[in-house]
Amino acid sequence: YYNEAFKKLEVIVKSDLENFKANYYIAECYFLGKGTEKNYTLAFDHYSIAASNKHLDSIYKVGYCYEFGLGTSKDEIQMISRYTQAAKSGHNLSQYRLGLCYKNGFGVEKNISIAATYFLNSAKSGLVDAQREGAMCFEELNQPTASATLYLAAAEQNDPYSCYKI
């Protein structure tokens, strides 16, 4: 199934390099090794093409590649830039990754309040990790109501730490 899909995507991308959806999906194939061998460099190249067309998942993936040095060199400035760009448009995983960056002072100055805001925005999508991390930030900020609300949301999804905290 994946081999067939990959071959069709190759044809589309070769005939229309600017097709951002096809570039995103072929990048996913390269990134995950579905239908082809894993190749982070080619994945990064295709994510970048799709990101230039403001495709949010691609912008996030470019930031992720910069964070971990997948298909490109690690670059905290580019990582933060891409995560911020996608987060401003409501991309929940970018909001979550930015929350982690601000919580840990990775690529930005540590700021628990900003981290909590990013986690809260991401948590609204139901992302359990964002709910738990946000709860921990609000706990650190001495905001027990916000903390309890997020711990409860994560506990309802069977997050072990959040169940313990409730």
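Just so it is clear, the model here is predicted, and its values are computed rather than measured.
- In terms of heavy-atom proximity, A86 sits nearest to S94 at CB-OG, 3.2 Å.
- For the pair D129 and R132, the minimum side-chain heavy-atom distance is below 4.5 Å.
- The minimum heavy-atom distance between G99 and A115, with the atom names listed, is O-CB, 3.4 Å.
- Considering CD1 of I12 and CG of D16, their distance stands at 9.0 Å, rounded to 0.5 Å.
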Could you please spell out the steps behind the side-chain contact (heavy atoms from CB on, under 4.5 Å) verdict for I112 and K103? CA-CA 5 Å; I112 299 301; K103 181 181 179 191; 4.1 Å; yes
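- The two residues L17 and I49 make their nearest non-hydrogen contact at O-CG2, 3.5 Å.
- Annotation: side chain of L150 is in contact with side chain of F138 (closest heavy-atom distance under 4.5 Å).
- V62 and F31 fall within a single hydrophobic cluster, where Ile, Leu, Val, Met, Phe, Trp and Tyr side chains are chained together by heavy-atom contacts under 4.5 Å.
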Could you check Y83 against Y66 for ring pair (Phe, Tyr, Trp, His ring centres under 6.0 Å), going step by step and ending with a plain yes or no? CA-CA 10 Å; Y83 285 161; Y66 279 125; 9.7 Å; no
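- Residues E109 and Y102 bring no donor and acceptor atom of their side chains to less than 3.5 Å of each other.
- By the 4.0 Å N-to-carboxylate-O rule, R97 lies close enough to E67 to be salt-bridged with it.
- Taking the six-membered ring where tryptophan is involved, the planes of Y96 and F119 are tilted, since the angle between them lies from 30° to 60°.
- Across A51 and S58, no two heavy atoms sit closer than the pair N-CB, 3.6 Å.
- Listed here is the closest heavy atom pair of V13 and H46: CG1-CE1, 3.7 Å.
- When every heavy atom of S162 is checked against every heavy atom of A155, the shortest pair comes out as CB-N, 3.6 Å.
- Side-chain N/O atoms of Y60 and Q85 include no donor and acceptor closer than 3.5 Å.
- Summarising the geometry, atom CD belonging to Q95 is positioned 8.5 Å from atom NZ belonging to K124; distances are rounded to the nearest 0.5 Å.
- For R82, the side-chain hydrogen bond (donor to acceptor under 3.5 Å, both in side chains) partners at least two apart in sequence or on another chain are Q78.
- Side chain of S15 to main chain of V11: a donor-acceptor pair is present (N/O by atom type, distance under 3.5 Å, no hydrogens or angles).
- Annotation: the span from Q157 atom CD to C163 atom SG amounts to 10.5 Å, rounded to 0.5 Å.
- A distance of 11.0 Å separates CG in L9 from OG1 in T36, rounded to the nearest 0.5 Å.
- Atoms CG and NE2, on D57 and H91 in that order, are 4.0 Å from each other to the nearest 0.5 Å.
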Apply side-chain contact (heavy atoms from CB on, under 4.5 Å) to residues Q131 and D159 and explain how you reach the verdict. CA-CA 10 Å; Q131 293 166 341; D159 179 66; over 6 Å; no
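- At most 12 heavy atoms of other shown residues, nucleotides or ligands fall within 6.0 angstrom of atom OH in Y25.
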Start with the C-alpha distance between M79 and D75, add both sets of side-chain angles, then the distance that settles side-chain contact (heavy atoms from CB on, under 4.5 Å), and finish with yes or no. CA-CA 6 Å; M79 169 196 69; D75 187 327; over 6 Å; no
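- The environment of F68 atom CZ is dense: over 12 non-hydrogen atoms of other residues, nucleotides or ligands sit within 6.0 angstrom.
- Judged by distance alone, with hydrogens and angles left aside, the side-chain atoms of S122 form no donor-acceptor pair with the main-chain N or O of Y118 at under 3.5 Å.
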Test side-chain contact (heavy atoms from CB on, under 4.5 Å) on Y64 and Y47 and set out the steps. CA-CA 11 Å; Y64 189 87; Y47 285 136; over 6 Å; no
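- No side-chain heavy atom of I114 sits less than 4.5 Å from a side-chain heavy atom of T117.
- Considering OG of S125 and CG of L93, their distance stands at 7.5 Å, rounded to 0.5 Å.
- Listed for the T149 side chain is a donor-acceptor partner under 3.5 Å among the backbone atoms of T145.
- The aromatic rings of Y24 and H55 sit tilted, their planes meeting at an angle between 30° and 60°.
- Under the 4.5 Å side-chain criterion, counting only non-hydrogen atoms from C-beta, E10 is in contact with I26.
- Put simply, L98 and L141 are part of two different groups of oily side chains (I, L, V, M, F, W, Y) that touch within less than 4.5 Å, one to the next.
- The cationic group of K34 lies under 6.0 Å from the six-membered ring centre of Y2 and within 45° of the ring axis, placing it in a cation-pi geometry.
- No continuous path of ILVMFWY side-chain contacts below 4.5 Å connects Y151 to L100, so the two sit in separate hydrophobic clusters.
- Ring geometry for Y30 against F6 counts as perpendicular: the plane angle is over 60°, on a 0 to 90° scale with 30° as the lower cut.
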